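Below you'll find the structure, written out as structure tokens, and then a few comments.
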Amino acid sequence: MNKQKTILSGIQPSGKLHIGNYFGAMKQHIAMQEQGDAFYFLANYHTLTSLSDGNLLQENTRDVVLDYLALGLDPDKCTFFAQSDVPQTTELAWILGTLTPVSLMEKGVAYKDKVANGLSPNIGLFTYPILQAADILIYHSDIVPVGEDQKQNIEIARDLAGKLNRAFGDDLLKIPEEHIVKSVATVPGVDGRKMSKSYGNTIDIFDEGKSLKKRVMSIQTDSKALEDPKDPDLCNVYALIKLFADENTRNEIADKYRSGGYGYGHAKKELLGLITDYYAEARLRRKELEKNPSYINDVLTEGGKKARLRAEEVMEPIREATGLFRSFKY
Ligand code: ADP
Ligand code: TRP
């Protein structure tokens with residue numbers, strides 16, 4: 001193994017990716033491919049906890065790969081793959097599960113949230129953090145860049161690594177550092193709540209034309225009149241403008257809010273222009289990539305091979321230490 005730090009993160013191909021995903025996760029993933037030995041994967045087993053439609057999962061997977069590649073992920077700089085291409089992950093997840101107290105899963109906030117939001121309370125959803133721990137631990141990851149909402153799952157991974165090491169031998173698993181991405185606050189959706197696929201309040205990264213315009217124009221604001229001075233920091237439109245505009249533009253727009261005579265309609269038009277420009281190059285690149293479906297396949301196939309090799313190096317000593325009989329080698 002090389003001496004660079006191993007960076008690992010995953011994203012579920014559970015629907016179209018939105019600008020909350022971009023600023024909360026993807027942008028950092030893309031930046032960090034330069035900073036270590038980065039592994040990024042599509043958490044498709046995790047997606048099965050909330051989606052039972054094979055065709056849709058396949059389509060979403062392809063879309064997420066296209067999105068990442070268009071936005072600048074470079075498969076020559078990182079290992080980009082599908083979770084389902086690394087069977088060692090589910091193998092390790094089972095072993096970790098045998099060391100996990102039910103009470104630890106019962107404390108899972110994401111499970112409770114998801115069930116409260118209408119997802120079916122299946123066992124996969126309940127034990128989701130164990131599979132996520134296996135994702136992290138199977139590559140001896142050092143750094144796991146994730147948003148605040150994933151903090152508990154990273155702590156569970158650290159906890160389970162310690163339990164396995166204590167039960168079967170030190171150094172079988174590496175305890176990862178946490179790395180909570182703090183650079184961005186929660187991105188609000190068009191209704192002002194956290195932007196999320198499950199709330200139907202997203203602005204999708206690669207939406208365009210009339211449909212994008214409609215989305216931006218639907219952002220909720222208060223009912224101040226055009227001529228009234230407005231506080232930019234209380235406005236959802238401005239919260240989004242801040243993500244896309246450079247400092248000068250941000251300040252100019254904030255001044256216009258404060259001085260009055262500038263309506264939310266104006267702000268929305270500026271936001272629409274900013275989003276369109278920000279993703280203009282990526283949009284073109286995505287259209288090019290779309291013409292070559294076998295490339296997507298090749299990227300995942302190559303990434304899968306590299307990820308499996310690394311996972312096997314970690315898994316083999318664990319099989320031995322746990323006393324599991326195996327008549328074959330990968
Ligand atoms: P969703 O809520 O749309 O289902 P996920 O839970 O799949 O999104 O999140 C994928 C990644 O995107 C996570 O790392 C999460 O922290 C980040 N993320 C999702 N929504 C937002 C948001 N509104 N603001 C900031 N980051 C977000
Ligand atoms: N739970 C993460 C999310 O919903 C996705 C994920 C699965 C993940 N396994 C991971 C993230 C391992 C980081 C590391 O966004």
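Being a predicted model, the structure only gives us computed values, none of them experimental. Note that ligands are numbered from 1 as they come in the structure, with each ligand's atoms numbered from 1 the same way. The first residue in the sequence is number 1, and the count goes up from there.
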Open item on the list: Any nitrogen or oxygen of Q150, side chain or backbone, less than 3.5 Å from one on ligand 1?
Closed with: no

Task: Donor on one side chain, acceptor on other, Y262 and E270, under 3.5 Å - done: yes

Task: From the candidates T202, V187, N117, L17, the one that places a heavy atom nearest atom 23 (N) of ligand 1 - done: V187

TODO: Please verify whether a non-hydrogen atom of T186 lies at under 4.0 Å from ligand 1.
DONE: yes

- [ ] Can you tell me which residues line ligand 2 if we count any heavy atom under 4.0 angstrom from one of its atoms, in chain and number order?
- [x] L8, S9, G10, Q12, F41, A43, H46, Y128, Q132, D135, I136, V144, V146, Q150

Open item on the list: Would K163 and F168 count as a cation-pi pair here, with the cationic atom under 6.0 angstrom from the ring centre and within 45° of the axis?
Closed with: no

TODO: In plain terms, say whether D67 and R285 are close enough for a salt bridge, that is, a side-chain N and a carboxylate O under 4.0 Å apart.
DONE: no

- [ ] Spell out, yes or no, whether L160 and I175 are grouped together once hydrophobic residues are joined by side-chain heavy atoms under 4.5 Å, including indirect joins.
- [x] no

- [ ] Could you check whether the rings of Y68 and H29 sit parallel, tilted or perpendicular, using 30° and 60° as the cut-offs?
- [x] parallel

Open item on the list: Counting only nitrogen or oxygen atoms and a 3.5 angstrom limit, does S14 reach ligand 1?
Closed with: no

Task: Residue D149 vicinity, atoms of ligand 1 by number, heavy atom under 4.0 Å - done: 15 (C), 16 (O)

Open item on the list: Set out, in order, the CA-CA distance, both residues' side-chain angles and the distance that settles ring-ring contact (aromatic ring centres under 6.0 Å, His included) for F244 and F23, then state yes or no.
Closed with: CA-CA 10 Å; F244 292 98; F23 287 100; 5.1 Å; yes

Open item on the list: If we set the cut-off at 4.0 Å for heavy atoms, which region of E148 has an atom near ligand 1: side chain, backbone, both, or neither?
Closed with: neither

- [ ] Could you note down all residue pairs passing side-chain hydrogen bond (donor to acceptor under 3.5 Å, both in side chains) where residues 166-177 supplies at least one of them, sequence neighbours left out?
- [x] K5-E177, D142-K174

TODO: Indicate whether the side chain of Y264 and that of D222 have a donor and an acceptor atom separated by less than 3.5 Å.
DONE: yes

Task: Heteroatom proximity flag, A25 to ligand 1, N/O under 3.5 Å - done: no

Task: Test ring-ring contact (aromatic ring centres under 6.0 Å, His included) applied to F206 - qualifying residues, sequence neighbours left out - done: none

Open item on the list: When you compare ligand 1 with G20, is there at least one nitrogen or oxygen pair between them that comes in under 3.5 angstrom?
Closed with: yes

Open item on the list: Give me each pair satisfying side-chain hydrogen bond (donor to acceptor under 3.5 Å, both in side chains) with a member in residues 223-236, each pair once, sequence neighbours excluded.
Closed with: none

Open item on the list: Could you check whether T6 and R310, counting side-chain N and O atoms only, form a donor-acceptor pair closer than 3.5 Å?
Closed with: yes

Task: Whether M26 lies under 4.0 Å from ligand 1, heavy atom - done: no

Task: Heavy atom of Q12, distance to ligand 1 below 4.0 Å - done: no

Open item on the list: Minimum distance, heavy atoms only, to atom 5 (P) of ligand 1: which one of I19, N21, L243 is it?
Closed with: N21

Open item on the list: For the 3.5 Å polar cut-off, considering only N or O atoms, please tell me whether S198 and ligand 1 meet it.
Closed with: no

Open item on the list: Using a 4.0 Å cut-off to any heavy atom of M195, which atoms of ligand 1 qualify?
Closed with: 20 (N), 21 (C), 22 (C), 23 (N)

Open item on the list: Can you see whether Q220 engages D191 through a side-chain donor-acceptor pair at a distance of less than 3.5 angstrom?
Closed with: no

